[in-house]
Structures are given as C-alpha cells and as structure tokens.
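Taking it in order: structure first as structure tokens, then the write-up.
The basis for the numbers below is simple: all heavy atoms, side chains too, and nothing from hydrogens, waters or symmetry mates. Atoms within a ligand are numbered from 1 in the order they appear, just like the ligands themselves.
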Amino acid sequence: MCRLQITADLPATCDLPTPTMSLDNFSIIESTLREGEQFVNAFFTTPQKIRIAQMLDLFGVEYLELTSPAASPQSRNDCATIAGLGLKAKILTHTRCHMDDAKLAVDTGVDGVDVVIGTSSYLRDFSHGMSIERIIDQAQEVVAWIKAQGVEVRFSTEDSLRSDPEDIFEVYAAVDKLGVNRVGVADTVGVGTPLQIYRLVKALREHVSCDIEFHGHNDSGCAIANAYAALEGGATHIDTSVLGIGERNGITPLGGLVARMYATDPESVKKYKLNLLHDIDHIVAELVNVDVPFNNYITGYSAFTHKAGIHAKAVLNNPSTYEILKPEDFGLTRYIHVGSRLTGWNSVKNRAEQLGLALTDGELKGITAEIKTRSDSGTLTLDDVDTLLFERAQNNVAV
Ligand code: HCA
Ligand code: CU
C-alpha cells in the first residue's frame with residue numbers, strides 16, 4: 001500500500017526513483033578557493049591558498065577549482081602558482097563564457113577550465129542580455145577553443161533550476177557534440193528540491209554522453225540532499241567547499257557530502273583521507289574567522305556526543321545503535337556526556353571504568369541518583385562528576 005503522500009508534482013505511482021548512480025565513480029570538485037572565496041569573510045593570501053590547496057590535495061579531492069584569473073592580477077598569479085605546485089588533484093579555474101577569459105585561464109597552466117553562463121530568464125534579462133541562440137554560439141566558440149588547447153573543459157548553465165529545461169538541454173547537447181568533458185547543473189539560488197534535481201539530472205543524462213557536474217547552493221538547506229540526488233540521477237562530479245562557504249550561506253559542504261556518502265556506503269569515501277577532515281574544517285574556519293558549527297557534520301563539537309541514558313547505554317553496548325558514522329574512521333572519538341539529569345548509570349559506570357575506579361553497581365546507581373538531583377539545577381561538569389566518583393572510591397578505601 002502506498003504510504004507516500006502524493007502531491008500534484010510527484011509521479012502518480014509510489015515507485016521510488018531507480019538510482020542510476022555509481023557510488024565509486026563520483027569525484028569532488030573542491031571549490032573553497034573559488035566559490036569559498038565568494039564567502040563574505042573570505043580573503044586568502046597566496047600562502048593561505050597554497051596551504052588550503054595542499055590540505056585538500058592530501059585529503060584526496062579529485063579537483064580544485066580556483067577563482068578566475070580575470071578577477072584580479074593576484075588571482076591570476078595565484079592560479080599559475082597553484083597550477084605549478086604539482087599536486088595530484090587536477091587544477092581548474094572558473095571563468096565566464098568569454099574568449100578573453102578563456103585565454104587568460106589557459107595561460108595560467110591549469111588542467112581545466114570551468115566555463116559558466118546564465119541561462120535563466122532572470123539572468124538573460126538582467127545580467128548579460130543574450131538569447132539562447134547567442135549563448136549556444138558563444139559556448140561553442142569558447143568550448144571548442146579550450147578543448148583545442150588540450151585542457152579539460154566544463155560548461156555549466158548558471159541558475160539551471162530556473163531555466164527552461166528545453167533551453168539548457170539544447171545548449172548542453174551543442175557543447176557535448178564538441179567533446180566537452182562535463183556539463184554542469186547549477187542550483188545557483190538554492191531553490192531546487194532533491195526530487196527536482198534528480199529528475200533534471202536524469203533527463204539530462206538522456207541528452208548528453210559527457211560527465212555531469214552538480215553545483216548546489218544551500219539557501220533552503222537542501223545542498224547536501226540535492227548533491228546526493230544529482231548522483232542518484234547520474235551526475236559524476238559534485239562541487240563542494242569546506243564548511244560550505246560561498247556566496248550568501250554557501251554550497252554543499254565537503255564534510256556534509258562525505259558524511260552523506262559514508263552513510264550510504266563507507267567504501268565510497270575510502271579513497272579520501274577522512275582523518276584530515278577535522279583539521280581542514282577547523283583551519284578554514286579560522287582563516288575565514290568563523291567557528292565550526294557545533295552541529296557540523298563529523299567535525300562539529302557535538303557530532304559524536306551521546307547524552308540521554310537510554311542512548312548512552314545502547315551505544316556503550318554497540319555504537320551502531322545510535323551512530324551511522326564511526327568516529328574512529330574520521331580519527332575522532334565518541335564522548336558520553338555524564339553530568340545531566342538525563343544521565344544513566346551505565347554512563348557513570350563507564351566513566352568510573354575510564355578513571356580506573358572499582359565501584360559496585362549499587363554505588364554507581366547511588367552516584368547517578370545524586371548527579372540527577374544536583375543537575376536538576378544545572379548541568380554538572382565532568383570534573384564535578386569525577387569528584388563525586390573519586391570521593392566515593394576514597395570513602396571505600398577509608399572504610
Ligand atoms: C558564480 C555562480 C555559480 C557558478 C556555478 C558553476 C553558481 O558565482 O559564478 O560554475 O557551476 O552558483 O551558479 O557559483
Ligand atoms: Cu555557486
């Protein structure tokens with residue numbers, strides 16, 4: 001029986017989409033040094049850019065995307081510097097769909113150029129003012145030229161979600177014929193839902209034979225789900241930035257995408273050095289003068305902290321009861337909180353064992369009762385709890 005609530009926009013059957021994704025075949029295009037630089041707080045010096053590029057390269061992302069060399073003289077120098085570092089990741093830069101920009105980009109020595117042009121009526125009317133026919137002509141010229149230079153080329157339609165699908169399919173098909181490496185779907189304003197993205201990418205899959213990239217903004221909180229839906233629909237490349245930094249509230253965060261993929265199949269992210277994620281998030285946070293959010297995927301302060309007695313007891317018996325991500329796979333440890341009125345005696349027992357204190361179950365239950373009473377007027381610190389445990393153990397010795 002169908003338990004889904006069908007809305008007007010959903011298919012008339014309850015069949016879930018059949019994912020066409022191949023989990024082990026996706027690549028990350030890490031755009032902290034492009035989209036991330038568009039975050040209001042971001043200003044990266046050249047050494048900082050090099051440090052970020054090296055960290056992400058060590059982590060194992062397949063591509064690094066850099067700010068356009070047309071943005072400023074230093075951006076141009078930085079492109080050339082990072083392209084010359086000899087990193088394992090392929091170095092891309094991001095430009096408007098314009099011959100002048102394309103030439104500047106190729107001259108920096110990058111491995112590929114990500115070209116973008118707006119295709120929604122908003123951008124056609126209020127930004128560049130070009131018709132779809134002119135966009136196709138310009139795209140063909142730029143793509144063919146970059147391709148002839150022997151570097152990778154990606155062509156993306158900005159604001160794809162608010163573009164007429166027939167228009168963008170026509171543009172994508174034209175550049176696909178020229179041998180473009182990837183076409184990109186960009187949810188520039190973060191308006192798409194996972195089902196919409198899935199459908200758009202799946203339909204696009206029928207129109208082109210090249211790879212498909214997805215770039216999704218997070219204005220309505222769907223950026224990770226949308227990236228995943230794009231992969232389910234047949235996308236091969238996902239754009240991320242560290243902590244999701246970018247224009248407005250940013251895009252799909254690197255750690256969030258990794259968490260999502262790991263939750264589906266840990267093998268799918270084995271290719272990355274997951275234990276570097278904590279430092280990457282914290283270093284970039286510091287560079288852009290923000291904190292890592294307490295509830296951040298994997299690296300947030302409370303990501304692996306269990307509190308309520310029922311949860312803690314089960315986790316102590318078998319972590320999988322309440323964890324889909326194993327902290328140890330990310331070089332992190334789980335923490336059982338023990339100073340609240342929700343604390344159960346199994347957590348207190350575990351803490352006593354960590355401290356090497358031999359207390360009976362009865363004693364531990366007594367201490368738990370005391371913790372609950374005391375913490376009715378405010379959370380106890382770990383020190384408070386440890387003091388209670390030590391005092392009880394000392395009493396035992398004294399007796
Ligand atoms: C931009 C817009 C962009 C481009 C994405 C892409 C977007 O800042 O230039 O090249 O696929 O969100 O549309 O970031
Ligand atoms: Cu963007």
Write down the atom of Leu274, the atom of Asp329, and the distance for their closest heavy-atom approach.
CB-O, 3.4 Å
Mutual orientation of the aromatic rings belonging to Tyr172 and Phe169 [parallel < 30°, tilted 30-60°, perpendicular > 60°]:
tilted
I need the protein N, O or S atoms closer than 2.8 Å to the Cu ion (ligand 2), given as residue plus atom name.
Glu35 OE1, His215 NE2, His217 NE2
Quick check on Leu355: does its CG atom have over 12 non-hydrogen neighbours (other residues, nucleotides or ligands) under 6.0 Å away?
yes
Cation over ring, Arg260 on Phe26, under 6.0 Å and within 45°?
no
With distance as the sole test, does His311 use its side chain to make a donor-acceptor pair with the main-chain N or O of Lys307 at under 3.5 Å?
no
To the nearest 0.5 angstrom, please state how far the CZ atom of Phe294 sits from the OG1 atom of Thr299.
12.5 Å
Report all N/O contacts between ligand 1 and the protein shorter than 3.5 Å as a table of atom names and distances to 0.1 Å; if there are none, say 'none'.
residue, atom, partner, partner atom, Å
ligand 1, 8 (O), Arg34, NH1, 3.3
ligand 1, 8 (O), Gln38, NE2, 3.0
ligand 1, 10 (O), His94, NE2, 2.6
ligand 1, 10 (O), Arg154, NH1, 3.3
ligand 1, 10 (O), Arg154, NH2, 2.8
ligand 1, 11 (O), Arg154, NH1, 3.1
ligand 1, 11 (O), Ser156, OG, 2.9
ligand 1, 12 (O), His215, NE2, 3.0
ligand 1, 12 (O), His217, NE2, 3.0
ligand 1, 13 (O), Thr188, OG1, 2.5
ligand 1, 14 (O), Arg34, NH1, 3.1
ligand 1, 14 (O), Arg34, NH2, 3.1
ligand 1, 14 (O), Glu35, OE1, 2.9
ligand 1, 14 (O), His215, NE2, 3.1

Arg154 side, atom CZ; Asn181 side, atom CG - distance, nearest 0.5 Å:
11.5 Å
Report the C-alpha separation of Asp57 and Lys88 in whole Å, then their side-chain angles, then the decisive distance to 0.1 Å, and conclude whether the salt bridge (Lys or Arg N to Asp or Glu O under 4.0 Å) test is met.
CA-CA 6 Å; Asp57 184 53; Lys88 202 159 158 266; over 6 Å; no
Lys147 atom NZ, over 12 foreign heavy atoms within 6.0 Å
yes
